[in-house]
Structures are given as structure tokens and as C-alpha cells.
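Counting starts at 1 for both ligands and their atoms, following the listed order. Counting begins at 1 with the first residue of the sequence.
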Amino acid sequence: MAGLFNFSGGPGALPPSVLRQLSAEILDLDGSGLSLLGVSHRSDWFREVVAEAEKILRDLVGIPQDYQILFLQGGASLQFSMIAMTLLRGTGKAADYLETGYWSAKSIPEAKREGAVRLAWSGREQGYRRLPEPAELQLSPDAAYLHYISNETVEGLQFQTLPGLPGVPRVCDMSSDFLSRPVRVTDYQAIYAHAQKNMGPAGVTLVVLHDDVVARSPEDVPSVLNYRKHVESHSIYNTPPVFAIYAVLLVLHWLQDEIGGLAAMDARNRRKAAALYAAIDAEPGFYRPHAAVADRSLMNAAFRLPSPALDALFVAEAERAGLQGLGGHRSIGGVRASLYNAVSFEAVTALCDFMGDFRARHG
Ligand code: PMP
């Protein structure tokens, strides 16, 4: 069975039970004789898939009725633009952005195409090794919105506090930690997250929007970039990624039925991260963590070994030991272990054992 020891930054591990079901249904969906890959997006079956996924998300996350749930294409990267097209363009205001790592740095030029952007904080000069203290943020009470990324996937930095000012809409890219822990949706006007970390395969991006955001959808953009059109057509405006959305539904069932919800998932993720960080910290100086301790992510741990040659050897030996996807992001190199929801404690234990053994041989 593939994927049991997959530490990739994304697309990442998926629950084995979900992979098994998908593989059977690619050949025959529910005894229908049709492949899952050949079912019409206009079928009743698919309309129900979307409706059921929405319903489970509302229950699991606690998404109130005055928020819309959309399954869109174009990845989280397209949301960098769609959000700014909807909430910034033509307002005459500026939006506040937090530049906390590789991905938030990518979001900023896209927003600048649509209007004025103010950097309320940047960690660029310090190499994105920590997140801001609340008192360091230079927030504007008249900002169009505040945009930030709850978990910087590359650097492994995760917010444990809620940045922002009362009265200023919060927009958050939760691509790499949505569904990994409870979240209070009403703190945000917009949340987006692509599926390929904790929710499913690549190809679909979940967007949760307050009705006020939908109401501001611009008419002078291509229709596929208009949130209202997607709301009106219940995420079936054009041909959506049927397979990816169905896989998300199966993952949502797994999260609800096998795991027992987001609080239970959070507890599992904390236990996994505690084990990994203990292995990193076991002998200071050998595994050198990228992120400041206070801002460590439960999802991604980035670290280096004493030399680039040892980084490479670590990743290669780990792969031979069945621990896959540990190479660091191309922007910072080193090693990154991603502990998304479907990474088991057993997998983390195997990684920690390997780390101890590797250090004993090379330390
Ligand atoms: N935001 C975050 C936090 C990410 O981790 C990534 C990619 N890993 C992106 C945005 C870009 O996502 P996509 O490739 O779906 O456009």
C-alpha cells in the first residue's frame, strides 16, 4: 500500500482507507459499471457529492449559514488574486499583508496588481524564521482587509494567535493547516485552502466566504473569477474536478467517523509533532530547526544537518528506509518533514527512530 510513510509537503499522505476505496471506484463506482473518472459532473450523484461535502464541512468546522462554501480550481495561487479582485480592486483603500514566508511573499505581488498593499510586518530580512509578536504588527484600522497565512508550509511557521484589528476583515490562506485543528470561522471574512495537504488530492481549492464578500464579486472580471457565479451554480459553474472533490468527501467522512472530528485530529497532530520536535532537539546542533520554537508548526518541520552533504545523505537514506518526501523546499533546501492529518503516529515513530540512528552514525 503506497503512501503510508509519506512526509511530502504536498500533495501529501492520504488515509489508506480512502486510497483503497478510490482505487476500487476508479474501476467501478458503486456497482454502476461506470468509472469514478467517467461520471458526469451534471449527474445527480455528483450534485449530492458536493452537497454532502458541504454539509459535513459545516458540521465538522462549524461554518455558519451566512458563509458560502465553494470548491474551485486554480489552486491557492488563484485565490491570491481572486480575493484582491473582490475586496481590494476599486476600493481606494489599501490591504494589510503579513509577509511571513515563501507563500505569503508570493501572495503580495498578486494583490498589488489589484490595488494598494501595505506590509504590516515582514520577516524577510530575518530569513522567515519567526512570526511577529502582536505588538510588532503595523495594522491599519482602515485597511480593506488583513491577509495572512496561518501556516507557512515551506518554513514551518504556524500562527497560534489571531492577528488583526476588530472591524478589519480577516482573510486567511489556510492551505497547509485547514482541518488539522479547530478554527473559529466567524473570525474571518474569507478562508481558502487547497486540498492537497489535509483534504485530498490536488485540483480543488476550498473557499469559505462570508455573504458580504460574495456580494462584492466584481462583474468586470472573467466569469470563472467571479465568486457569485460559483455560489449560484453550487460549485458546478463549469466542469469541476469530480475525482478530487469526491476524494475530499471521503476524507471528510474519515475525519468525522474514524478520527472523531477536529479536536481529536488536533490532539493526534500535537502528539505527532511533539515526537518529531523531541527527535530534532535530542542533541542540539545536529538537527538544526529553521523556525523559532514559539512559532513551530504542527504540520511542517524544516531543519538542516551540519552540512548540505549530510542533508542530501539524510534524504537519500530515509527514502531507502521507506520514508519519502523529506527533501526541503527548493527555496531553502535542507530537510522538511510534513505531518499532515493522514501521516500516522507509526510513520512519525519510524522517522524519529531513523533520525536517532542517522545521528548515531553521522553525528
Ligand atoms: N499557500 C500555501 C500556504 C501553500 O503551501 C501553497 C503551496 N504549497 C500555496 C499557497 C500555493 O498553492 P497552489 O499550488 O495550490 O496554487
Could you list the atoms of ligand 1 found under 4.0 angstrom from a heavy atom of K197? 5 (O), 7 (C), 8 (N)
For ligand 1, which atoms sit closer than 4.0 Å to a heavy atom of S175? 1 (N), 2 (C), 3 (C)
For ligand 1, which atoms have a heavy atom of F80 less than 4.0 angstrom away? 10 (C)
Less than 4.0 Å between a side-chain N and a carboxylate O, is that true for D142 and K93? no
Ion pair present between K55 and D59, side-chain N to carboxylate O less than 4.0 angstrom? yes
Could you tell me whether R130 and D295 have a side-chain N and a carboxylate O separated by less than 4.0 Å? no
Any N/O of N151 closer than 3.5 Å to an N/O of ligand 1? no
Is there any N or O on G75 that sits under 3.5 Å from an N or O of ligand 1? no
Tell me whether the NZ or CZ atom of R271 lies within the 45° cone about the ring axis of F345 and under 6.0 Å from its centre. yes
For ligand 1, note which part of Q196 has a heavy atom under 4.0 Å away: side chain, backbone, both or neither. side chain
Is it the case that the ring center of Y102 lies less than 6.0 angstrom away from the ring center of H329? yes
Looking only at distances, can you tell me whether any N or O atom of S176, backbone or side chain, sits closer than 3.5 Å to an N or O atom of ligand 1? no
Taking the six-membered ring for Trp and the single ring otherwise, decide whether the centroids of Y287 and F314 are under 6.0 Å apart. yes
